[in-house]
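Some notes on the structure that comes next.
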2 protein chains.
Amino acid sequence: MHASATETLAHPSRDEIELAAVLHALSDPVRLLMVRGLAGAIEARSCGSFDVPVTKSTCTHHFKVLREAGVIRQRQEGTKRVNLLREDDLEARFPGLLGTILQAAEHQPLLAARA
Amino acid sequence: MHASATETLAHPSRDEIELAAVLHALSDPVRLLMVRGLAGAIEARSCGSFDVPVTKSTCTHHFKVLREAGVIRQRQEGTKRVNLLREDDLEARFPGLLGTILQAAEHQPLLAARA
DNA sequence: TCAAACGTACGACGATCGTCGTACAACGAA
DNA sequence: TTCGTTGTACGACGATCGTCGTACGTTTGA
């Protein structure tokens with residue numbers, strides 16, 4: 001992968017997470033779908049495991065937006081890039097925010113029905 | 001005013017309020033500032049009473065975005081257009097959402113210091 | 001009656017956004 | 001070593017966004 005094992009992906013620290021960036025990141029239907037998938041998962045999920053109606057390069061873009069906003073953490077594992085929701089950091093920085101947004105998203109129509 | 005007393009401003013009904021639109025509306029620092037001002041107010045506030053660092057026409061634009069997202073309700077009162085947070089509708093549609101965002105905004109730096 | 005206050009409408013502008021296709025790099029397996 | 005899998009990088013594209021200035025319409029008050 002371009003980002004080899006030695007170089008780490010840029011993530012904002014907990015204190016650097018900005019509300020506007022988080023809200024913007026979650027205001028896109030595709031990204032909200034990704035976050036919902038991450039919220040339901042027990043394990044970290046690879047980028048390719050998401051059933052979203054966009055191409056690979058668009059996927060890369062969306063994960064980058066989520067990572068730079070501080071919503072997810074990305075880690076390289078072999079050829080896969082694995083994604084994890086930063087629930088603890090988000091909860092510490094903006095208590096209740098992720099939970100209420102995720103709950104709000106539940107009774108919203110999905111952008112695309114998933115299996 | 002262009003929109004005379006007889007013609008009403010377009011507002012989404014409670015059920016038409018979309019999460020993505022709300023998050024997008026609140027992801028702009030100026031609009032978040034407006035909403036914070038509205039949340040603190042007991043009475044409805046006129047557009048001009050907000051101390052935001054943008055011109056009048058930009059203000060008009062932002063209030064329109066907030067209204068069309070279902071975040072605020074606008075009502076004409078004489079020459080003033082008066083704004084009110086749709087707290088009840090938002091609470092019914094997305095329980096806790098507005099509150100947690102407002103609370104999150106509190107320990108975020110203001111875009112511009114206000115009196 | 002007339003002017004000031006309030007806010008909109010319209011058009012413009014540069015910036016950002018979401019999307020894609022192509023090319024490429026890294027890792028793992030045969 | 002070679003090939004398939006995984007995902008990135010880069011450039012492009014149209015669309016939307018946030019901002020402004022100017023012109024104008026309403027209402028209120030002098």
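Just so we're on the same page: letters track the sequence lines, and every chain starts at 1.
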Whole angstrom value for the distance that separates [atom2] of [N] from [atom1] of [X]:
{"X": "B:E68", "N": "D:dG18", "atom1": "CD", "atom2": "P", "result": "12 Å"}
{"X": "A:F63", "N": "D:dA9", "atom1": "CZ", "atom2": "P", "result": "14 Å"}
{"X": "B:H24", "N": "C:dC17", "atom1": "NE2", "atom2": "P", "result": "10 Å"}
{"X": "B:L66", "N": "C:dG7", "atom1": "CG", "atom2": "C1'", "result": "16 Å"}
{"X": "B:K56", "N": "D:dA23", "atom1": "NZ", "atom2": "P", "result": "13 Å"}
{"X": "A:K80", "N": "D:dT5", "atom1": "NZ", "atom2": "C1'", "result": "9 Å"}
{"X": "A:H61", "N": "C:dT22", "atom1": "NE2", "atom2": "P", "result": "20 Å"}
{"X": "B:D28", "N": "D:dT19", "atom1": "CG", "atom2": "C1'", "result": "11 Å"}

- Query: A:N83 and A:C47: side chain to side chain contact (heavy atoms under 4.5 Å, CB included), yes or no, with the steps?
  - Reply: CA-CA 7 Å; A:N83 305 282; A:C47 293; 3.4 Å; yes
- Measuring from A:K64:NZ to A:R67:CZ, what's the distance to the nearest 0.5 Å? 7.0 Å
- Heavy-atom nearest nucleotide on DNA chain C taken for A:V65 and for B:K64; more 5' hit belongs to B:K64
Please determine whether a side-chain nitrogen or oxygen atom of [X] lies at a distance below 4.0 Å from atom OP1 or OP2 of [N].
{"X": "A:T55", "N": "C:dT19", "result": "no"}
{"X": "A:H62", "N": "C:dT19", "result": "yes"}
{"X": "A:S46", "N": "D:dT6", "result": "no"}
{"X": "A:R81", "N": "D:dT6", "result": "no"}

- Task: Output yes when a side-chain donor or acceptor of A:Q76 lies under 3.5 Å from a complementary backbone atom of A:V82, and no otherwise.
- Result: no
- Message: Quick check against the 3.5 Å criterion: does A:E18 have a side-chain atom that pairs as donor or acceptor with the backbone of A:V22?
- Response: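 Pair absent, no side-chain N/O of A:E18 close to backbone of A:V22.
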- Item | Candidate nucleotides D:dT5, C:dG7, D:dG7, ranked by approach to the side chain of A:T79 - the nearest | D:dT5
- Tell whether A:S57 reaches the base of C:dG21 with its side chain through a donor-acceptor pair below 3.5 angstrom.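 Counting by modelled atom types and ignoring angles, a donor-acceptor contact under 3.5 Å is found here.
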- Task: Give a yes-or-no answer on whether the side chains of A:S27 and B:S27 include a donor-acceptor pair shorter than 3.5 Å.
- Result: no
